[in-house]
Amino acid sequence: MKIGIIGNGHMAQALSGALADKHAIRFGVRAPAAPHQASLADVAGWADAVILTTPWRAEAEVAAQIADKVREKPVLDATNPVGIADHGPDVATVQTGASAAEGLKARLPGAHVVKTFNQIGAEFMADPTALSGQPVMFAAGDHDVAKRTALTLIGDAGFEGVDAGPLTNARHLESLAMLWIWQAVRGPLGRRFGFAVSHLKTEGNL
């Protein structure tokens, strides 16, 4: 699969490392300067699926450049609307009752937005085997095929992929990310953990 990663920061590089063995990767950046880089629009047009890894506040600028190129394509939103409150990192105000991913969907009306790859730090996105158990990665979206694509990429990156329902549930995934970020900067766990799903051993345990 051709994967266009919008951005070139720690998360972009981590996802590239996690997926490059199975997929072709190109980075969409403002000023291309390397063989695997091109403009945001060119990478979005080339890709079968796009992963957005830029800072959340760059969303409007990015969407304006790629909207026409991602119609009917999966767009995986790995951003987090991080704000700062008295108690520490928290979800920034997007609009009443909405998530950042829903805001992105409004800016990309022809794309199939899926919220995922936002629930853990970049170091574990690059190497989830550093954790003692397989970490989970949830995916929320309204388009079944796009969500299956996301879950495939999640598995390829080494995570347990779990369907988290419709895109309206993205607000819960963004809040989950804030819990990870709070631990990373203020909590006792620091940056040394990930979320995981503990499954029943047998149905008889119910």
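We number each residue from 1, following the sequence as shown.
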Next item on the list: Walk me through it: do R171 and E102 pass the test salt bridge (charged side-chain N to carboxylate O under 4.0 Å, His left out)?
Entry: CA-CA 9 Å; R171 66 197 69 180; E102 290 168 283; 3.1 Å; yes
Next item on the list: Please identify each residue that fulfils ring pair (Phe, Tyr, Trp, His ring centres under 6.0 Å) with F27, with sequence neighbours left out.
Entry: none
Next item on the list: Tell me yes or no: between the side chains of Q13 and N8, is some donor less than 3.5 Å from an acceptor?
Entry: yes
Note to self: The criterion is ring pair (Phe, Tyr, Trp, His ring centres under 6.0 Å); which residues satisfy it with H23, sequence neighbours excluded?
What the structure shows: none
Notebook entry, point to check: Do I5 and L15 pass the side chain to side chain contact (heavy atoms under 4.5 Å, CB included) test, and can you show the C-alpha distance, the side-chain angles, and the key distance before you say yes or no?
Noted result: CA-CA 8 Å; I5 299 178; L15 282 169; 4.2 Å; yes
Note to self: With a 4.5 Å cut-off on side-chain heavy atoms, are W56 and N80 touching?
What the structure shows: no
Item checked: Approximate separation, where rounding is to 0.5 Å, of Q119 CD and L179 CG -> 11.5 Å
Next item on the list: For D127, enumerate each residue passing the side chain to side chain donor-acceptor pair (under 3.5 Å) test, keeping only those at least two apart in sequence or located in another chain.
Entry: T129
Notebook entry, point to check: Would R191 and E123 satisfy side chain to side chain contact (heavy atoms under 4.5 Å, CB included), going step by step from the backbone distance to the final call?
Noted result: CA-CA 9 Å; R191 301 182 66 90; E123 62 268 45; 2.9 Å; yes
Checklist line | Flag for H199-E160: side-chain donor and acceptor within less than 3.5 Å | finding: yes
Next item on the list: Output the distance between atom CG (D21) and atom CG (D156), rounded to the nearest 0.5 Å.
Entry: 10.0 Å
Next item on the list: With sequence neighbours left out, write down each residue that passes side chain to side chain donor-acceptor pair (under 3.5 Å) with Q183, or none if nothing qualifies.
Entry: none
Item checked: Side chain to side chain, T79 and T53, heavy atoms closer than 4.5 Å -> no
Check: Got E59 and R107 here, is their nearest side-chain heavy-atom distance under 4.5 Å?
Finding: yes
Margin query: Nearest 0.5 Å, please: how far is OG in S39 from NZ in K69?
Written below: 8.0 Å
Next item on the list: Nearest 0.5 Å please: distance from the OG1 atom of T149 over to the CG atom of D144.
Entry: 11.0 Å
Check: Linking Ile, Leu, Val, Met, Phe, Trp and Tyr through side-chain heavy atoms less than 4.5 Å apart, which residues share a cluster with I6?
Finding: L40, V43, V50, L52, V62, I66, V70, V75, L104, L108, V113, L167
Notebook entry, point to check: Looking at A139 and L151, what are the two nearest heavy atoms and their distance?
Noted result: CB-CD2, 4.1 Å
Next item on the list: Would you please classify the geometry between the F193 ring and the W180 ring as parallel, tilted or perpendicular, with 30° and 60° separating the classes?
Entry: parallel
Check: Is a side-chain N or O of K2 found less than 3.5 angstrom from the main chain of A49, in a donor-acceptor match?
Finding: no
Item checked: Residue pair G165 / K147: nearest heavy atoms and the distance that separates them -> O-NZ, 2.9 Å
Next item on the list: Hey, could you give me the NE2/CG distance between H112 and L76, rounded to the nearest 0.5 Å?
Entry: 12.0 Å
Checklist line | Heavy-atom donor-acceptor pair, K115 side chain to A100 backbone, under 3.5 Å | finding: no
Margin query: So L131 and F124, do their side chains get closer than 4.5 Å, heavy atoms only?
Written below: yes
Notebook entry, point to check: Any side-chain heavy atom of M137 within less than 4.5 Å of one from V162?
Noted result: no
Margin query: Contact between F195 and F138 at the side-chain level, heavy atoms closer than 4.5 Å - yes or no?
Written below: no
Checklist line | Joint cluster assignment, F117 & V145, ILVMFWY side-chain distance < 4.5 Å | finding: no
Checklist line | Check: D48 side chain, M1 main-chain N or O, donor-acceptor pair, under 3.5 Å | finding: no
Check: Is there a donor-acceptor pair under 3.5 Å between the side chain of N169 and the backbone N or O of A164?
Finding: yes
Checklist line | I120-L189 co-clustered via ILVMFWY side chain contacts under 4.5 Å | finding: yes
Note to self: If you compare all heavy atoms of A170 against all heavy atoms of A140, which two are closest, and at what distance to 0.1 Å?
What the structure shows: N-CB, 4.1 Å
Item checked: For W46 against G4, the heavy-atom pair lying closest together -> CZ3-N, 4.1 Å
Item checked: side chain to side chain donor-acceptor pair (under 3.5 Å) partners of Q65, counting only residues at least two apart -> none
Margin query: With a 6.0 Å cut-off (strictly less than), is the heavy-atom count around NE2 of H143, excluding the residue itself, greater than 12?
Written below: yes
Notebook entry, point to check: Is K73 atom NZ crowded by more than 12 heavy atoms from other residues, nucleotides or ligands, each under 6.0 Å away?
Noted result: yes
Margin query: Just so I know, are the side chains of D77 and T116 near enough to count as touching, which here means a heavy-atom distance under 4.5 Å?
Written below: no
